[in-house]
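Input: a single structure, listed below in structure tokens.
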2 protein chains.
Amino acid sequence: MDQDNLIAIPFVFEQPCPIRDVLDRIGDQWSLLILQVLEHGTMRFSAINRAIGDISKQMLSKTLKSLEEDGFIRRTLYPEVPPRVEYELTDLGRSFLVPMKELIAWADEHHRAICEARASYLANAK
Amino acid sequence: MDQDNLIAIPFVFEQPCPIRDVLDRIGDQWSLLILQVLEHGTMRFSAINRAIGDISKQMLSKTLKSLEEDGFIRRTLYPEVPPRVEYELTDLGRSFLVPMKELIAWADEHHRAICEARASYLANAK
DNA sequence: CTGCATCCTTCTCGATACTG
DNA sequence: CAGTATCGAGAAGGATGCAG
């Protein structure tokens, strides 16, 4: 009996897939890092830049825009000279960090196991 | 207090940040999808292929290899003719899906809010 | 100070064809 | 059936320079 053909995946094919939509956002290089930095409170563009350290202005700008577009952060422009722009988490952004922190905790807890699995895989590959 | 860990970003040159390490794996196009598919039970290569539908053999092969390397899934080759290969979740893979499901639930719950934020952002941009 | 435009390099991923 | 090899298009991301 070939059960293989009968497999059905419940929701992964619906359009648009919510989890893919979210993963595409925070799965990139910088989004999660920025959200974590902003958890400390409102910060200016260059403060975020310094906090992360090795992000380029371009990527920071682009990522902040994405996060703002998705409602994770709020951007406030103070029309001074020179201009001042502040970023802060929205309620949506903060609520996102709740399940995200569980994933981070899992990663911390199991990182060693993953590394060991990699090492053992490499050893067996020889 | 783990708050210090969140802002300490200059670990880029140290051993891989656990959460980045995990996100790099499941943040790709297919890994999470495959893990979810395998949650239904042990499956053969072509069964996974059919279940996902629009994945190429190459990417499926590559992603399965990555997941196996990281210890999320187990690969069993039955030396028959024609060959049969079965994939299944390991305990590590199953335990990963626990926090992941919370994130998925969050995504389902807030997807509408994100879409609305995007729409409103677009409207304001005009 | 903030942030966009341009250029350029690297990586990703799909299509196709081939092996055991 | 279960992969691997090769190619090419396109996206991601860094560096630099300019604008408001």
Side-chain angles (χ1 to χ4, degrees), chain A residues 1-5 7 20-21 23-34 37-38 42-70 73-88 121 124-125, chain B residues 9-10 12-13 16-17 20-21 23-34 37-38 42-69 73-88 121 124-126:
Chain A
M1 185 57 67
D2 190 3
Q3 234 172 332
D4 294 346
N5 296 318
I7 297 296
R20 268 253 58 83
D21 218 25
L23 271 187
D24 282 347
R25 173 71 60 234
I26 57 89
D28 71 1
Q29 193 76 40
W30 304 112
S31 292
L32 181 59
L33 223 44
I34 292 176
V37 165
L38 282 178
T42 301
M43 288 176 80
R44 304 184 55 166
F45 183 90
S46 33
I48 304 173
N49 201 355
R50 274 191 303 274
I52 295 188
D54 61 343
I55 187 174
S56 68
K57 277 191 308 175
Q58 189 198 36
M59 284 314 295
L60 180 55
S61 175
K62 234 163 109 179
T63 310
L64 285 170
K65 204 175 198 175
S66 281
L67 290 171
E68 187 200 359
E69 187 178 335
D70 284 3
I73 64 177
R74 178 166 30 250
R75 176 183 184 273
T76 310
L77 163 69
Y78 298 89
E80 308 168 348
V81 176
R84 178 163 57 100
V85 181
E86 291 189 344
Y87 294 90
E88 61 184 325
Y121 182 89
N124 292 345
Chain B
I9 310 302
V12 177
F13 297 110
C17 166
R20 269 251 58 81
D21 216 25
L23 270 186
D24 282 347
R25 172 72 58 229
I26 58 90
D28 73 1
Q29 193 75 42
W30 303 113
S31 292
L32 182 58
L33 222 45
I34 292 176
V37 165
L38 282 179
T42 301
M43 287 176 78
R44 304 183 55 165
F45 183 90
S46 35
I48 304 173
N49 201 356
R50 276 192 302 275
I52 295 187
D54 59 343
I55 189 175
S56 67
K57 276 192 307 176
Q58 189 197 36
M59 283 315 294
L60 179 55
S61 174
K62 237 163 106 179
T63 310
L64 285 171
K65 207 173 197 174
S66 280
L67 290 172
E68 186 200 357
E69 186 178 336
I73 64 177
R74 179 167 29 249
R75 177 183 183 273
T76 310
L77 164 67
Y78 298 89
E80 308 167 351
V81 177
R84 179 163 56 101
V85 180
E86 292 190 343
Y87 294 90
E88 61 184 324
Y121 182 89
N124 291 346
K126 284 176 185 174

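Computed from heavy atoms alone, side chains included, the values below leave out hydrogens, waters and symmetry copies. Residue numbering restarts at 1 for every chain, and letters A, B, ... go by the order of the sequence lines.
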Output the single nucleotide from dT2(C), dA2(D), dG14(C) whose closest atom is nearest the side chain of Ser46(B).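 Closest nucleotide among those given: dA2(D).
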
[X] side chain N/O closer than 4.0 Å to the phosphate oxygens (OP1, OP2) of [N]?
{"X": "Lys62(B)", "N": "dT4(D)", "value": "no"}
{"X": "Trp30(B)", "N": "dG14(C)", "value": "yes"}
{"X": "Arg44(A)", "N": "dT2(C)", "value": "yes"}
{"X": "Tyr87(B)", "N": "dG3(D)", "value": "yes"}
{"X": "Arg75(A)", "N": "dG3(C)", "value": "yes"}
{"X": "Lys65(A)", "N": "dC4(C)", "value": "yes"}

Hey, does [Y] have a side-chain heavy atom less than 4.5 Å from the side chain of [X]?
{"X": "Leu64(B)", "Y": "Ile48(B)", "answer": "yes"}
{"X": "Gln29(B)", "Y": "Arg20(A)", "answer": "yes"}
{"X": "Tyr87(B)", "Y": "Arg75(B)", "answer": "yes"}

On the side chain of Gln58(B), is there an atom forming a donor-acceptor pair with the base of dT16(C) - under 3.5 Å, no angle test?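 There is none.
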
Base of dT2(C), side chain of Glu86(A) - is there a donor-acceptor contact under 3.5 Å?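 Per atom types, no contact qualifies.
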
[X] [atom1] to [N] [atom2]: how many Å, rounded?
{"X": "Asn49(B)", "N": "dA15(C)", "atom1": "CG", "atom2": "P", "result": "12 Å"}
{"X": "Arg84(B)", "N": "dC1(D)", "atom1": "CZ", "atom2": "C1'", "result": "11 Å"}
{"X": "Arg25(B)", "N": "dT12(C)", "atom1": "CZ", "atom2": "C1'", "result": "14 Å"}
{"X": "Ile34(B)", "N": "dG3(D)", "atom1": "CD1", "atom2": "C1'", "result": "14 Å"}
{"X": "Asp28(B)", "N": "dA12(D)", "atom1": "CG", "atom2": "P", "result": "14 Å"}
{"X": "Leu77(B)", "N": "dG20(C)", "atom1": "CG", "atom2": "P", "result": "16 Å"}
{"X": "Lys57(A)", "N": "dA5(C)", "atom1": "NZ", "atom2": "C1'", "result": "12 Å"}
{"X": "Asp24(B)", "N": "dC11(C)", "atom1": "CG", "atom2": "C1'", "result": "13 Å"}

Closest-nucleotide 5' rank along DNA chain D - winner of Pro83(A) and Ile55(A):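 Result: Ile55(A).
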
Please compare Met59(A) and Ser61(B) by the position of their nearest nucleotide in DNA chain D and report the one closer to 5'.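 The residue mapped nearer the 5' terminus is Ser61(B).
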
With Arg44(A) via side chain to side chain donor-acceptor pair (under 3.5 Å) - residues at least two apart: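 Residues passing side chain to side chain donor-acceptor pair (under 3.5 Å) with Arg44(A): none at all.
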
How many angstroms lie between CZ in Arg84(B) and CG in Leu77(B), if you round to the nearest 0.5 Å?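 The CG atom of Leu77(B) is 9.5 Å from CZ of Arg84(B), to the nearest 0.5 Å.
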
